Protein chains: 2
Amino acid sequence: MRRMTARPANAHQARLLKLLRDGGPNSRAQLGDQVDLSRSKLAVEVDRLLETGLVVADGLAASRGGRRSHNIRLNPELRFLGVDIGATSVDVAVTNAELEILGHLNQPMDVREGPVAVFEQVLSMAAKLKASGLAEGFDGAGIGVPGPVRFPEGVPVAPPIMPGWDGFPVREALSQELGCPVMVDNDVNLMAMGEMHAGVARSVGDFLCVKIGTGIGCGIVAGGEVHRGATGSAGDIGHIQAVPDGRPCACGNRGCLEAHFSGAALARDAVEAAEQGLSEELAGRLEANGTLSAVDVAAAAAAGDATSLDLIREGGDRTGQVIAGLVSFFNPGLVVIGGGVTGLGHTLLAAIRTQVYRQSLPLATGNLPIVLGELGPTAGVIGAARLISDHLFSPA
Amino acid sequence: MRRMTARPANAHQARLLKLLRDGGPNSRAQLGDQVDLSRSKLAVEVDRLLETGLVVADGLAASRGGRRSHNIRLNPELRFLGVDIGATSVDVAVTNAELEILGHLNQPMDVREGPVAVFEQVLSMAAKLKASGLAEGFDGAGIGVPGPVRFPEGVPVAPPIMPGWDGFPVREALSQELGCPVMVDNDVNLMAMGEMHAGVARSVGDFLCVKIGTGIGCGIVAGGEVHRGATGSAGDIGHIQAVPDGRPCACGNRGCLEAHFSGAALARDAVEAAEQGLSEELAGRLEANGTLSAVDVAAAAAAGDATSLDLIREGGDRTGQVIAGLVSFFNPGLVVIGGGVTGLGHTLLAAIRTQVYRQSLPLATGNLPIVLGELGPTAGVIGAARLISDHLFSPA
DNA sequence: CCGGCTTTGTCCTGTCAGTGGAGAAAGTCG
DNA sequence: CGACTTTCTCCACTGACAGGACAAAGCCGG
């Protein structure tokens with residue numbers, strides 16, 4: 001199949017495409033109910049969309065007591081590629097135009113190997129997905145990187161944990177390789193978009209999405225729009241001071257949140273605890289694997305290891321204190337916790353909640369749910385697909 | 001004169017009104033350059049606005065080498081009332097439709113006297129402004145209160161420092177008394193709007209406006225729009241923890257920013273220092289007045305008093321630490337410092353800057369101006385007038 | 001099988017917003 | 001006084017859109 005190149009010609013068409021994406025197949029009449037256009041005008045726009053091939057009419061729906069309606073849906077052959085580059089792994093997924101995941105691959109990989117090596121990996125994963133028959137090509141791709149991005153250009157800027165990526169033209173390079181439009185964003189923003197599209201944050205206008213993985217970041221959604229900040233570094237909360245004169249951080253300061261709690265910090269603390277003989281559980285795991293990760297701590301905690309539970313609780317306290325400040329400041333309607341360490345589950349969540357509810361003002365916390373993300377590792381790739389679909393489903 | 005009741009009939013008219021408000025008088029041709037409409041269409045819309053009386057054509061401009069143009073301007077008889085209720089004083093100003101202040105009154109008053117007493121005061125000040133011939137009536141009023149507001153209804157909610165105001169229908173009551181439309185917002189948000197309209201934040205899309213007065217608050221502007229949060233309490237940063245296990249705060253917690261630095265905290269610390277004999281300068285002033293305020297500390301500091309300078313510096317450090325976190329989180333393009341304690345001037349500013357530049361990431365601070373507000377005590381009333389004019393200059 | 005009823009989709013006409021060109025009005029300048 | 005410029009007005013043409021009439025296609029009960 002030849003890839004789609006059409007874009008909606010006007011705001012009406014854009015609106016219709018997004019309704020079909022978010023609400024699934026619909027009859028013309030159902031669309032008319034949602035879009036405040038006359039039936040005639042609607043019919044015209046739908047016909048034009050049918051001509052472009054962006055949507056198709058396949059078959060008739062069951063009757064509801066009258067003439068049967070045509071099923072209007074997004075072209076089922078459209079394919080988006082969602083790429084989520086984490087600090088230590090790469091996720092690549094194919095979705096249809098309704099952003100349903102058709103195939104998903106995950107591969108451990110260190111971003112610090114640089115853009116060239118990572119791109120090679122991403123492309124080979126995309127090729128594998130294609131080879132398995134899920135796609136013949138891609139109509140668009142979204143990609144998230146673990147650092148600040150100059151959004152309009154799709155270029156990472158001054159990323160602390162990914163040297164070598166600074167200024168690398170991610171958007172342009174990937175667009176060239178894949179032969180389709182590409183949008184680039186920070187991975188945390190994409191997670192927020194994912195949860196907003198298909199996760200816990202559906203229909204919430206203002207929320208925060210805290211991602212705790214190798215580092216810590218926070219997606220900010222205000223009025224339904226992702227807030228990226230003046231230089232694309234909004235949400236970079238890993239280096240907010242959590243502990244005065246605390247642990248030294250890679251950034252040069254002391255007491256940064258990330259230095260006290262994150263996947264990396266937790267692993268480090270666990271190794272320390274094991275070596276000091278504080279926990280047999282952790283020591284055993286360290287001996288077995290030669291190293292420890294957040295997953296080990298989670299497992300040890302699940303097995304009742306007190307030291308691990310303490311580590312998690314303490315980290316949750318630190319994180320909760322910082323989030324409490326952000327809640328006072330931003331007054332979100334929802335806080336989503338996600339990322340690798342969500343395996344720590346309810347021990348972590350309880351600690352965070354306690355701190356936030358204790359420290360923030362009642363008005364801000366009165367009706368504030370603090371919940372785990374619903375989509376887990378797929379939030380990023382869904383958000384990435386959503387990013388590019390938002391772009392392609394807007395008037396050119 | 002009968003008050004204006006007309007509103008723009010469509011988006012074009014709204015756009016034109018705002019251009020005239022922000023850019024002053026213009027010819028039809030100049031308007032046409034800014035609005036992307038054909039001359040004919042523009043002429044039609046301008047004529048309709050002339051019919052409504054919202055704008056007037058008074059006289060001809062000097063020729064620029066051809067036919068002289070008509071001066072189109074907002075009706076110079078339009079009057080807005082801007083009200084800024086602070087914790088300890090009330091500001092009331094009259095503006096024309098271009099939001100220029102025609103008259104401004106300030107009166108000390110404690111908000112805790114409750115809405116009835118404060119309203120009486122506001123109305124008498126408004127009456128005095130009318131009596132002095134500045135206005136025959138008001139076409140709209142904006143009012144800021146020092147606490148969270150449920151914005152759509154214009155009702156304060158759970159305001160910590162203004163008991164008795166909770167749920168009081170400010171908008172409705174004032175609208176009834178003045179006989180014109182009224183909008184209500186948090187005072188800090190209005191300060192931000194004021195600085196955005198006519199102050200240092202002109203043409204900045206994302207910025208923070210920290211107001212340090214009796215308490216501390218922060219106006220948040222994202223994408224040119226004020227962010228009010230899920231329950232209207234966004235920007236309430238006074239109770240973010242600045243010092244672990246620090247001073248007890250009225251809110252029940254310890255170490256809140258406001259407990260360590262604010263007009264009230266500074267006065268308290270100054271009295272303490274004077275009583276402990278740490279500063280002759282302050283002790284002298286305390287003896288003279290029987291009390292000390294932030295103004296005294298500012299004066300003492302200006303006179304070189306080391307203790308006062310230390311107090312200011314320490315407060316600036318605390319505030320700077322909190323702002324540093326907010327800068328990392330929000331990544332603003334500008335930080336404005338305003339409110340009563342800006343009399344502390346550059347000592348304060350320097351301390352804040354030092355902390356922010358030291359603690360926030362380079363990308364977020366690289367090109368981040370941290371400046372004092374330009375409008376001083378008029379920021380609030382200008383912002384209030386702007387609020388209601390934004391409302392009235394939008395299609396009904 | 002037929003006629004009333006419902007729902008869906010199509011067609012057509014009238015209205016209104018908006019464009020762009022012609023030209024009138026009112027200047028400047030040499 | 002005439003050539004040129006700028007501003008504003010008028011008018012005819014286009015296209016977006018609403019809303020009603022109507023056709024198509026189903027249901028159901030008799």
Side-chain angles (χ1 to χ4, degrees), chain A residues 6-20 23-74 394-396, chain B residues 6-20 23-52 54-74 393-396:
Chain A
R7 294 274 288 277
N10 57 42
H12 295 314
Q13 293 184 14
R15 181 82 205 286
L16 291 171
L17 290 173
K18 287 176 185 173
L19 281 174
L20 290 171
N26 264 295
S27 68
R28 286 178 174 85
Q30 284 172 308
L31 288 172
D33 291 343
Q34 302 173 67
V35 88
D36 195 42
L37 277 179
S38 66
R39 277 174 317 192
S40 32
K41 177 60 179 167
L42 183 108
V44 169
E45 296 299 350
V46 170
D47 285 346
R48 288 189 192 155
L49 285 174
L50 287 168
E51 277 171 34
T52 66
L54 283 170
V55 308
V56 299
D58 60 343
L60 298 171
S63 166
R64 300 190 317 172
R67 175 173 169 177
R68 290 167 64 191
S69 60
H70 291 267
N71 248 332
I72 309 291
R73 67 169 70 214
L74 291 171
S394 298
Chain B
R7 294 275 288 275
N10 58 42
H12 295 312
Q13 294 184 13
R15 181 83 203 287
L16 291 171
L17 290 173
K18 287 176 185 173
L19 280 175
L20 290 171
N26 263 295
S27 69
R28 287 180 174 83
Q30 284 172 308
L31 288 172
D33 292 343
Q34 302 173 68
V35 88
D36 195 43
L37 277 179
S38 65
R39 280 176 318 226
S40 27
K41 177 61 180 165
L42 183 107
V44 169
E45 297 299 351
V46 170
D47 285 346
R48 288 188 191 158
L49 285 173
L50 287 168
E51 277 171 34
T52 66
L54 282 170
V55 308
V56 298
D58 60 344
L60 299 172
S63 168
R64 301 190 316 172
R67 175 174 170 178
R68 291 166 64 189
S69 59
H70 291 267
N71 247 332
I72 309 291
R73 67 169 69 213
L74 291 170
F393 290 173
S394 299

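The figures here come from the full heavy-atom set of this structure, side chains too, leaving out hydrogens, waters and symmetry mates. Computed from a predicted model, the values in this text were never measured in an experiment. Lettering follows sequence order; numbering is per chain, from 1.
The distance from atom NE2 of B:H70 to atom C1' of D:dT6 is 12 Å, rounded to the nearest whole Å. Put simply, CG on A:L42 is 14 Å from P on D:dG19, counting in whole angstrom units. Between the CG atom of A:N26 and the P atom of C:dG9 there is a distance of 11 Å, given to the nearest Å. For A:I72 and C:dT8, the CD1 to P distance is 13 Å, given to the nearest whole Å. Rounded to a whole Å, the CZ atom of A:R39 is 8 Å from the C1' atom of C:dT8. Here the P atom of nucleotide C:dT10 and the CG atom of A:L31 are 13 Å apart, to the nearest Å. Rounded to whole Å, the distance from CG on A:L60 to P on C:dT8 is 12 Å. Atom CG in A:D47 sits roughly 10 Å away from atom C1' in C:dG9 (whole-Å rounding).
Using a 4.0 Å cut-off between charged side-chain N and carboxylate O, A:D33 and A:R39 make no salt bridge. Salt bridge annotation for A:D36-A:K41: absent, with no cationic side-chain nitrogen under 4.0 angstrom from a carboxylate oxygen.
Applying the 3.5 Å distance criterion, the base of C:dG9 shares no donor-acceptor pair with the side chain of A:S69. The base of C:dG9 lies outside donor-acceptor range of the side chain of A:S27, with no N or O pair under 3.5 Å. Side-chain to base pairing of A:R67 with C:dT7: no donor and acceptor N or O lie closer than 3.5 Å to each other.
A distance-only check finds no donor-acceptor pair linking the side chain of A:R28 to the backbone of A:S69 [under 3.5 Å]. Counting only distance, with no hydrogens or angles, the side chain of B:E45 and the backbone of B:L42 share no donor-acceptor pair below 3.5 Å.
Considering B:V46, B:N71, B:L31 as possible partners of B:N26, the one that fulfils the side-chain contact (heavy atoms from CB on, under 4.5 Å) test is B:L31.
Heavy atoms of A:K41 sit under 4.0 angstrom from primed sugar atoms or phosphate atoms, though from no base atom.
A sub-4.0 Å separation between OP1 or OP2 of C:dG18 and a side-chain N or O of B:H12 is present.
Minimum atom distance to the side chain of A:S40 is reached by D:dG19, of the listed C:dT19, D:dT9, D:dG19. Across D:dC8, C:dA17, C:dC11, the shortest atom-to-atom separation from the side chain of B:R48 is found for C:dA17.
Residues A:L37 and A:R68 both approach DNA chain D. Their nearest nucleotides, taken by heavy-atom distance, put A:L37 toward the 5′ side.
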